[in-house]
Amino acid sequence: MTHPDLSFERQDDIAIVRLNRAAKRNALNDGLILALRDCFQNLPEGVRAVVVDGAGEHFCAGLDLSELKERDAGQGVLHSRMWHQALDGVQFGTVPVVAALHGAVVGGGLELASACHIRVADETTFYALPEGTRGIFVGGGGSVRIPKLIGVARMTDMMMTGRVYKAAEGERAGFAQYLVPPGQALAKAIELAQRIATNAPLTNYALMHALPRIAEQPADHGLFTEALMAGIAQDAPAAKERVRAFLEGRAAKVSKD
Ligand SMILES: COc1cc(/C=C/C(=O)SCCNC(=O)CCNC(=O)[C@H](O)C(C)(C)COP(=O)(O)OP(=O)(O)OC[C@H]2O[C@@H](n3cnc4c(N)ncnc43)[C@H](O)[C@@H]2OP(=O)(O)O)ccc1O
């Protein structure tokens with residue numbers, strides 16, 4: 001994985017993917033979005049969870065606005081689809097992704113954070129969607145993902161008024177599941193990723209892929225899918241070993257596959 005603005009660090013079963021463009025507050029230009037897409041499409045074998053964070057004072061300042069001015073409507077649609085590909089790769093990829101947030105999580109940065117499965121924010125974090133006040137629209141899947149975290153009404157208010165949510169209010173609104181002291185988001189995200197990496201892969205797969213789909217389905221479809229997942233999951237050797245270990249009062253032998 002080689003891109004000057006995206007770093008990749010392997011730590012045993014987990015990987016840390018870092019936006020590394022601090023001088024521009026990790027603003028996402030086309031090169032960086034494509035690098036992110038390629039990174040999640042080509043995770044090395046054995047990576048069982050990923051942490052995404054940003055270098056410097058901020059997680060991410062969103063779309064690189066210097067690239068916006070050159071685009072017509074048709075190019076804009078394709079650009080948005082490119083972001084969708086990249087961020088779908090985060091949400092619907094192969095392994096769980098934990099976002100470590102600090103400073104600005106704005107615009108496309110919030111879209112990236114919302115594609116992750118768990119968000120840890122430190123107390124310097126703030127959330128905003130400046131798209132509305134800049135005369136543009138979200139294009140990285142935000143209109144689909146962000147209302148699922150905070151609701152349509154809050155998102156509409158943020159986009160219409162430019163409202164900024166500070167860390168604690170943002171956590172209460174639903175942006176983040178964990179709020180930690182300044183500078184501790186990465187350590188907490190790594191701790192969570194390491195814990196998640198010990199889950200049975202089928203469990204993580206079901207939680208990443210089945211759960212959000214079930215939540216969208218009419219009740220009878222959802223219950224049907226849930227029953228299938230319940231049956232498949234409990235039949236997996238990893239599940240049998242883990243339940244047996246609990247009943248026998250010993251540590252489970254955790255397999256790597
Ligand atoms: C429409 O189709 C789309 C849309 C999208 C997604 C859209 C969006 O993301 S819109 C939101 C864009 N982002 C912003 O409006 C935030 C702008 N930045 C800031 O408000 C601040 O920089 C800050 C993040 C709060 C940080 O403040 P501070 O620490 O004081 O840093 P600055 O001095 O302001 O900036 C330093 C340096 O970085 C450059 N920079 C910052 N943000 C951006 C940016 N978003 N784009 C480009 N450059 C940025 C800033 O200009 C400074 O540069 P210097 O050269 O002057 O040092 C998705 C997909 C679609 O299809």
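Read the numbers this way: they start at 1 and go in the same order the structure lists the ligands and their atoms. Values reported hereafter were calculated over all heavy atoms of this structure, with side chains retained and with hydrogens, waters and symmetry mates removed.
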Verify, without hydrogens or angle tests, whether His117 (side chain) and Val97 (backbone) share a donor-acceptor contact under 3.5 angstrom. yes
If you count the atoms of ligand 1 from 1 in the order shown, which ones are under 4.0 Å from a heavy atom of Asp64? 46 (N), 47 (C)
Min heavy-atom dist Ala128 to ligand 1 below 4.0 Å: no
closest protein heavy atom to atom 61 (O) of ligand 1 is His79 ND1, 2.8 Å
If the threshold is 4.0 Å, N to carboxylate O, is there a salt bridge linking Arg37 and Asp88? no
Between Phe126 and ligand 1, does any nitrogen or oxygen pair lie at a separation below 3.5 Å? no
Test your reading of the model: is there a side-chain donor-acceptor pair from Gln217 to the backbone of Gly222, 3.5 Å cut-off? yes
Tell me, yes or no, whether the heavy-atom count around Arg10 atom CZ, taken from other residues, nucleotides or ligands under 6.0 Å, exceeds 12. yes
Atoms of ligand 1 under 4.0 Å from any heavy atom of Ala104, numbered from 1 in the order shown, are 24 (C)
Could you identify the single nearest non-hydrogen protein atom to atom 36 (C) of ligand 1 and state the distance to 0.1 Å? Arg25 CZ, 3.5 Å
With a sphere of 6.0 Å drawn around NZ of Lys166, does it hold more than 12 non-hydrogen atoms of other residues, nucleotides or ligands? no
For atom 1 (C) of ligand 1, find the nearest protein heavy atom and state the residue, atom name and distance (0.1 Å precision). Phe137 O, 3.3 Å
Greater than 12 external heavy atoms within 6.0 Å of Asp220's CG: yes
Shortest protein heavy-atom distance from atom 51 (O) of ligand 1, along with the residue and atom involved: Lys24 NZ, 4.7 Å
Answer yes or no: does an N/O atom from Val106 fall short of 3.5 Å to an N/O atom of ligand 1? no
Between Asp30 and His79, do the side chains contain a donor N or O and an acceptor N or O under 3.5 Å apart? yes
A student checking ligand 1 against Trp83 at a 4.0 Å heavy-atom cut-off should list atoms 58 (C), 59 (C)
Any non-hydrogen atom of Met82 lying under 4.0 Å from ligand 1? no
Please report whether atom 42 (N) of ligand 1 has a protein non-hydrogen atom at a separation of less than 4.0 Å. yes
If you scan the protein for heavy atoms around atom 28 (P) of ligand 1, do you find one that is closer than 4.0 Å? yes
Is it the case that over 12 heavy atoms from other parts of the model lie below 6.0 angstrom from the CZ atom of Phe224? no
Under 3.5 Å, side chain of Thr124 to main-chain N/O of Pro182, donor-acceptor pair present? no
When rounded to the nearest 0.5 angstrom, what distance separates CZ in Arg21 from OG in Ser7? 14.5 Å
Taking NZ, NE, NH1 and NH2 as the nitrogens, is one of them in Arg163 or Glu169 under 4.0 Å from a carboxylate oxygen of the other? yes
Gln11 CD: over 12 foreign heavy atoms closer than 6.0 Å: yes
Protein residue, atom and distance nearest to atom 15 (O) of ligand 1, heavy-atom basis: Arg134 NE, 2.6 Å
Nearest-contact summary for atom 26 (C) of ligand 1 - protein heavy atom, Å: His58 NE2, 3.5 Å
Among protein heavy atoms, which sits nearest to atom 6 (C) of ligand 1, and what does the distance come to when rounded to 0.1 Å? Leu63 CB, 3.4 Å
Between Glu57 and ligand 1, which residue portion shows a heavy-atom distance shorter than 4.0 Å: side chain, backbone, both, or neither? neither
In ligand 1, which numbered atoms sit nearer than 4.0 Å to a non-hydrogen atom of Ala23? 36 (C), 37 (C), 38 (O)
Atom 47 (C) of ligand 1 protein-contacted, heavy-atom criterion under 4.0 angstrom: yes
With heavy atoms under 4.0 Å as the rule, classify the contact between Ala61 and ligand 1 as side chain, backbone, both or neither. both
Counting only non-hydrogen atoms of the protein, does one fall under 4.0 Å from atom 58 (C) of ligand 1? yes
Distance below 4.0 Å between atom 38 (O) of ligand 1 and any protein heavy atom? yes
Which of the numbered atoms in ligand 1 are below 4.0 angstrom from a heavy atom of Gly62? 9 (O)
In ligand 1, the atoms that come under 4.0 Å of a heavy atom of Glu131 are 6 (C), 7 (C), 8 (C), 9 (O), 10 (S)
Carboxylate-amine/guanidinium proximity below 4.0 Å for Lys24 and Asp5: no
Any protein heavy atom at under 4.0 Å, with atom 19 (C) of ligand 1 as the reference point? no
Are a donor atom and an acceptor atom from the side chains of Asn199 and Thr203 found within less than 3.5 Å of each other? no
Is Ala27 close to ligand 1, meaning an N/O of one under 3.5 Å from an N/O of the other? no
Charged N to carboxylate O under 4.0 angstrom, Arg244 versus Glu241? yes
Does the protein place any heavy atom closer than 4.0 Å to atom 13 (N) of ligand 1? yes
